[in-house]
**Student:** 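So that we are looking at the same thing, I have put the structure below in structure tokens.
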Protein chains: 2
Amino acid sequence: MAKKRDERSIAIGRVLDDLRRVFQVVHGYSKRAERVGGLTGPQLWAMKVLAEGSPVRVSDLAQRMYLHPSTVVGILDRLESRGLATRTRSTEDRRVVTVSLTEEGRLLVSKTPQVAQGLLLTGLKDLPTEELHTVRTGLSLLVGILGARDLPPRLLFSYEVNAPAPEPRPHAIRRTAKDR
Amino acid sequence: MAKKRDERSIAIGRVLDDLRRVFQVVHGYSKRAERVGGLTGPQLWAMKVLAEGSPVRVSDLAQRMYLHPSTVVGILDRLESRGLATRTRSTEDRRVVTVSLTEEGRLLVSKTPQVAQGLLLTGLKDLPTEELHTVRTGLSLLVGILGARDLPPRLLFSYEVNAPAPEPRPHAIRRTAKDR
DNA sequence: TCTATATATTTGCGATACAAAATGTTTGTA
DNA sequence: TACAAACATTTTGTATCGCAAATATATAGA
């Protein structure tokens with residue numbers, strides 16, 4: 001009786017562990033590999049979005065990246081200064097600015113390895129059909145659990161770091177330890 | 001003949017899409033929810049590691065977080081200034097500093113929701129045993145593909161953003177568009 | 001003792017990330 | 001037309017994060 005319960009608990013634990021492993025690997029690769037071209041994660045991410053369909057308005061880009069427009073502006077500054085993207089002010093509505101990849105940018109993004117994705121792709125290709133199906137079904141169930149069925153599949157990954165500083169700021173004591 | 005090939009391609013695409021969805025959801029929750037206590041991702045992450053087994057030496061903490069020691073110092077500064085962690089210099093070897101959670105810190109970390117994880121947990125619990133097994137097997141296969149079998153399952157998530165600046169710095173052109 | 005190594009911190013720099021304010025544009029309305 | 005409101009983007013200011021290199025202190029070894 002209790003046995004079945006234990007087995008399930010163990011299985012659940014394994015699922016979570018494996019999920020963490022997947023996260024870790026993918027993140028690790030994104031860390032080391034995506035910067036082949038000297039691009040940071042968000043920069044490459046923006047370029048991938050642009051590669052999907054430029055030109056894009058700045059606000060649209062921000063929305064697709066789930067980032068604040070002002071954040072995107074900074075990223076675009078860096079991409080533009082490297083000649084990977086260009087901004088053009090619309091002539092119809094001079095408020096909007098559309099962004100596109102340059103030829104160089106398009107080239108760079110196309111040959112960026114995406115190690116994790118590549119690994120997955122070839123790995124999945126080599127998988128026996130039945131196991132592939134298992135993977136597919138399993139992940140689909142996970143997506144269902146997370147209620148993410150309707151989400152547009154975002155590019156492999158997002159990044160974020162910041163906090164909104166809910167408190168009025170604790171005044172940032174600098175350097176505390178340092179006994180004696 | 002070609003049919004089978006197509007089906008496989010589609011299945012592979014679905015797997016990648018679903019994986020992206022999982023990433024997105026988990027990340028989204030981590031973004032919005034983990035900051036319940038006003039903690040950033042890395043801060044909460046450090047606290048989780050500390051909760052697993054303090055006291056920990058600073059260098060060990062850095063290693064477990066896959067971060068540079070100097071980065072951890074900053075995070076600890078902020079945690080300490082909020083009274084969530086404490087640093088103590090060892091008496092045996094006065095070079096080392098050990099870190100622990102304060103009572104308040106322990107409390108906070110224990111009641112931090114971990115929305116995504118909670119969702120997964122309850123969702124998986126409600127899953128029929130057979131489907132749970134499918135999820136488990138599928139993820140296990142993925143882990144195998146990624147060669148992550150031997151990784152210690154890291155806490156649900158890591159964060160990182162930065163690049164090492166491979167070039168001697170492109171001199172940062174500020175503000176370029178702005179035609180006219 | 002003198003030197004090398006180890007541990008943590010400081011310093012310097014770049015990049016995210018957000019909010020609020022500023023700038024320039026367009027649209028609606030009196 | 002004149003003016004106000006709404007919009008899109010950028011600027012400004014602040015807070016992290018993240019790393020490398022330099023520092024300070026402590027330990028270990030020759």
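The chains referred to below are lettered A, B, ... by the order of the sequence lines, with proteins before strands, and numbering in each begins at 1.
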**Student:** Looking at every non-hydrogen atom in both residues, tell me the closest pair between A:A46 and A:L61 and how far apart they are.
**Tutor:**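 That closest heavy-atom pairing would be O-CD1, 4.3 Å.
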
**Student:** Distance check needed: C:dA15 C1' versus A:Q43 CD, whole Å only.
**Tutor:**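 Those two atoms, CD and C1', are 8 Å apart.
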
**Student:** Provide, to the nearest angstrom, the distance between the CZ atom belonging to A:R57 and the C1' atom belonging to D:dC7.
**Tutor:**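 It works out to 9 Å between those atoms.
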
**Student:** Would you mind checking if A:R87 and A:D77 are paired as a salt bridge, meaning a charged N to carboxylate O distance below 4.0 Å?
**Tutor:** yes

**Student:** Tell me yes or no: between the side chains of A:T129 and B:R8, is some donor less than 3.5 Å from an acceptor?
**Tutor:**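 Note: A:T129 and B:R8 side chains meet the donor-acceptor criterion.
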
**Student:** Take the protein atom CG of B:L44 and the nucleotide atom P of D:dT16, then report the distance between them rounded to whole Å.
**Tutor:** 15 Å

**Student:** Quickly work out the A:D77 CG to D:dT9 P distance and round it to whole Å.
**Tutor:**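 In whole Å, D:dT9 P and A:D77 CG are 14 Å from each other.
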
**Student:** Could you check how far CD1 of A:I75 sits from C1' of C:dA15, rounded to whole Å?
**Tutor:** 9 Å

**Student:** So, is B:R87 close to the C:dA8 phosphate, meaning a side-chain N or O under 4.0 Å from OP1 or OP2?
**Tutor:** no

**Student:** Just wondering, are more than 12 heavy atoms of other shown residues or ligands nearer than 6.0 Å to CZ in A:R14?
**Tutor:**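 Count not over threshold, so no.
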
**Student:** Can you check each nucleotide of nucleotides 20-30 of chain D against protein heavy atoms at under 4.0 Å and return B for base, S for sugar-phosphate only, - for none, in 5' to 3' order?
**Tutor:** B-----BS---

**Student:** Can you tell me which residue pairs pass the salt bridge (Lys or Arg N to Asp or Glu O under 4.0 Å) test with a partner in residues 132-141 of chain A, sequence neighbours excluded?
**Tutor:** A:R136-B:D18

**Student:** Please report, rounded to the nearest Å, how far the P atom of D:dT10 is from the CG atom of A:L67.
**Tutor:**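 One finds 15 Å between P of D:dT10 and CG of A:L67, rounded.
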
**Student:** Considering only D:dT16, D:dC17, C:dT9, which nucleotide approaches the side chain of B:T40 most closely?
**Tutor:**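 Nearest listed nucleotide: D:dC17.
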
**Student:** Send over the distance from A:E80 CD to D:dT10 C1', rounded to a whole Å.
**Tutor:**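 Those two atoms, CD and C1', are 13 Å apart.
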
**Student:** Rounded to whole Å, please give me the gap between CD in B:Q63 and P in C:dA8.
**Tutor:**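 Rounded to the whole Å, the gap is 11 Å.
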
**Student:** Looking at residues at least two apart in the chain, or sitting in another chain, which of them share a salt bridge (Lys or Arg N to Asp or Glu O under 4.0 Å) with B:D60?
**Tutor:**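 Expected list: none.
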
